[in-house]
There are 2 protein chains.
Amino acid sequence: MSTTIKDLARESAVSASTVSYVLNNGPRPVSRHIREKVLATAARMNYHPNAVARGLSRKRMDTLGVVYTYWDAEITDYYFISILHGILGSCMRHGQATTLFTSHVWSKVEDDLSLFANGRCDGLIIVAPPLSCTVMSLLTARNIPCIVVSDTLPDSDISSVNIDNQLAMYQITQYLLDLGHQRIAMLCGDNDQRSTPLRIEGFRRAFSDAGHNEDKHLIISGSYCFQSGYESALKMLDLPAKRRPTALCCANDAIAAGALKALMGRGVKVPEEISVTGFDDTPLSSTAPVPLTSVRQPFGTIGMRAAELLLARIEGDQSHHSEQLPTEIVERDSTAPPKK
Amino acid sequence: MSTTIKDLARESAVSASTVSYVLNNGPRPVSRHIREKVLATAARMNYHPNAVARGLSRKRMDTLGVVYTYWDAEITDYYFISILHGILGSCMRHGQATTLFTSHVWSKVEDDLSLFANGRCDGLIIVAPPLSCTVMSLLTARNIPCIVVSDTLPDSDISSVNIDNQLAMYQITQYLLDLGHQRIAMLCGDNDQRSTPLRIEGFRRAFSDAGHNEDKHLIISGSYCFQSGYESALKMLDLPAKRRPTALCCANDAIAAGALKALMGRGVKVPEEISVTGFDDTPLSSTAPVPLTSVRQPFGTIGMRAAELLLARIEGDQSHHSEQLPTEIVERDSTAPPKK
DNA sequence: ATCGATAATCGAACCGGTTCGATATATTTT
DNA sequence: AAAATATATCGAACCGGTTCGATTATCGAT
């Protein structure tokens, strides 16, 4: 249907291989005369090389795959999208296409893996795999380059890019402690996410390092969503006054927004009576009824680095990285020293 | 490196073509005996057919491309993401991979088009192309199936999927008029987006159909962002009391949120003093300080239908569709009859 | 002029599948 | 039992590029 390299060769009265050399600038020299002729016919015939044929013979599709499972049915969450944004940027800059794969259920991803791991993509970026995830071993077994955006697995030699979850939580807890809070509740996210135990650990360590008594009852398990934050906050409000926390340290912004709603519903003033912190610094942080003090994750950079590391690995780099990108506390209006 | 169909053929003591017939269930019959043998060796050798080779010979990659330019540097906006979500769902259901392409500048997309239009994707879904966009004609010239998610172009035979922008705006304006508002300002989005003139037209028609005098000065141009809404709302507040609108009909939720902030900053009560409506029903609508009455667009369905139409077209369907999916007004707390 | 070295070009094989014409085998018909 | 038909399998060509060994043209040095 469309013009092929053979058409081009015939029309330019040269061999197909020569045309290929011209189009790729090598690997062999072509005389100036012929080069120009070929280029001219290519333009005239509106020739565009077929990426699939090219990919087959070069064993390189210049395509990166992104794998993601959403926890509760939404790819639309800011976390994934911003990382994807970074990945896309990187891919564009390096002339790579980006192919997406998602599924509600992680096991389905593993089943459908063959769709990816079959030459279509040169490598895979796996975003936020749940704790129980065997995909990576499948991939390495099949010699498919991959990178995870997640905390490093203890026993894995797969490179990873992420923030330092423990440190980040440590810092924001410390921030609250420095404000003078003593009774702080941590509103946690899903237990099967790797970030959860790490953030809890950071929270705990901030307490012990500060020499404060850590009251275990103030670690509230939940999930990374608005509803969970709402419910957990209500629980906190129902505690007897002397046990009620003066600050809620939330494991992400959605939880914090939910908590905010609960507090406002009960007429509790933020930050005057209770301080609230978010995590992720999504747009929610700034548009919340009380703009949230939050931990900014460099999502874009995370995605970018993941793509770059993957690309390096595809190009033969064997080294093992596990990058931890710095986070930053963004102060807004939801935190203040405790009352009195 | 990895096992090929030839390895499989040798190991099963049959020809490669027979293996192919087994793996694809056709197009020719294979004896039960051989079928099972091949399947067994395939499993044993952990064989996965190479999608690229397959794609080359079948001229079909089972991949749909999604093209998008973000207005102001963010792919992360809810509009695109939710549509993408619908597309992904459809693709998964139909065994298609999804490849993404974005760029800040639309012209860059046109340049890089060859990356897509070269066999890698079987067709393209173009999301929200700006008014001045020549990509589609390039594509049709090169015989590449495509669908736009956008209002239909007057002179185009490319199928499209979208809401009825004019009708939707008509309805929400009517809703405000029915509440008793007479002085309503429309806070518009970008002028180079196709939706803008259509929504304005809907706004106008609602006025004229209701027999109200339409005051042209209440159509405020701007862009689809928070900041624009903020600024436009301030302008409204600065109008002399008798010309000040009692309702702000915003062209999207971001604008409405910005407007809300301006109003709250000036101590204007919503909805008691001024009603505000959004458009799109993004999460912003429900999490805004005053939950917004908004127009819900069926983003997921839009994406889904776009993918399905594209798939049909790829499979040879020549018919021309331009689907307009129904919208729905979601009432929340930001609207009420005008004061007194 | 002749020879060797270098540069430019060609032809064929290959990447890993699919598909079609031809052949071999099994089944039915007469 | 032979002929006609249906079924199962093979081999080769093809998809549209890249790459490598071999061949030819070009050039400077002797």
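Every chain is numbered from 1 and lettered A, B, ... according to where its sequence line falls, protein lines coming before strand lines.
The side chain of A:Tyr47 contributes an N or O atom lying less than 4.0 Å from OP1 or OP2 of D:dG17. Distances shown here put a side-chain N or O of A:Ser31 below 4.0 Å from the OP1 or OP2 atom of C:dT9. Note on B:Ser15: every side-chain N or O is 4.0 Å or more away from OP1 and OP2 of D:dT9. A:Ser20 has no side-chain polar atom (N or O) that falls below the 4.0 Å cut-off from OP1 or OP2 of D:dG17. Not one side-chain nitrogen or oxygen of B:Asn50 sits closer than 4.0 Å to the OP1 or OP2 atom of C:dC15. One finds no side-chain N or O of A:Ser57 lying less than 4.0 angstrom from the OP1 or OP2 phosphate oxygen of D:dG17.
Within the 4.0 angstrom heavy-atom criterion, only backbone atoms of the sugar-phosphate kind lie near B:Val14; the bases stay farther away. Among the heavy atoms of the strands lying under 4.0 Å from A:Ser17 is at least one base atom, whether or not backbone atoms are also near.
Going from atom CE of A:Met61 over to atom C1' of D:dT18 covers 15 Å, rounded to whole Å. In this structure, B:Asp7 atom CG and C:dC15 atom C1' are separated by 13 Å, rounded to whole Å. In this structure, CZ of B:Arg58 is placed 15 Å from C1' of D:dC14, rounded to the nearest angstrom. Atom-to-atom, NE2 of B:His33 to C1' of C:dA26 comes out at 15 Å; the value is rounded to the nearest Å. For B:His48 and C:dG16, the NE2 to P distance is 15 Å, given to the nearest whole Å. The nearest whole Å value for the distance from the CZ atom in B:Arg60 to the C1' atom in D:dC14 is 20 Å. Summarising the geometry, the separation between NZ on A:Lys37 and C1' on C:dA8 is reported as 13 Å, rounded to the nearest angstrom. Rounded to whole Å, the distance from CG on B:Leu56 to P on C:dC15 is 14 Å.
Distances were taken from every side-chain heavy atom of B:Tyr21 (C-beta onward) to each of C:dG17, D:dT9, D:dG17; the shortest belongs to D:dT9. Considering only the side chain of B:Lys59, D:dG16 comes nearest among C:dC15, D:dG16, C:dT9. When distances run from any side-chain atom of A:Thr4 to the nucleotides D:dC10, D:dG16, D:dT18, the shortest one goes to D:dG16.
Between B:Arg313 and B:Glu308, none of the side-chain N atoms (NZ, or NE/NH1/NH2) sits under 4.0 Å from a carboxylate O, so this pair counts as no salt bridge. Classification of B:Arg60 and B:Glu315 as a salt-bridged pair holds, one side-chain N sitting under 4.0 Å from a carboxylate O.
Using a 30° and 60° split on the angle between ring planes, A:Phe80 and A:Tyr68 fall in the parallel class, below 30°.
Side-chain to base pairing of B:Arg28 with D:dT9: one donor and one acceptor N or O lie within less than 3.5 Å of each other.
Along DNA chain D, the nucleotide closest to A:Val19 and the one closest to B:Arg32 are compared, and the more 5′ of them pairs with B:Arg32.
Here the rule is side chain to side chain contact (heavy atoms under 4.5 Å, CB included) with B:Gln96, and of B:Ile87, B:Thr63, B:Leu311 only B:Leu311 fits it.
For the 3.5 Å distance criterion, the side chains of A:Ser319 and A:His321 qualify, holding a donor opposite an acceptor. There is a side-chain donor-acceptor pair under 3.5 Å between B:Ser195 and B:Tyr224.
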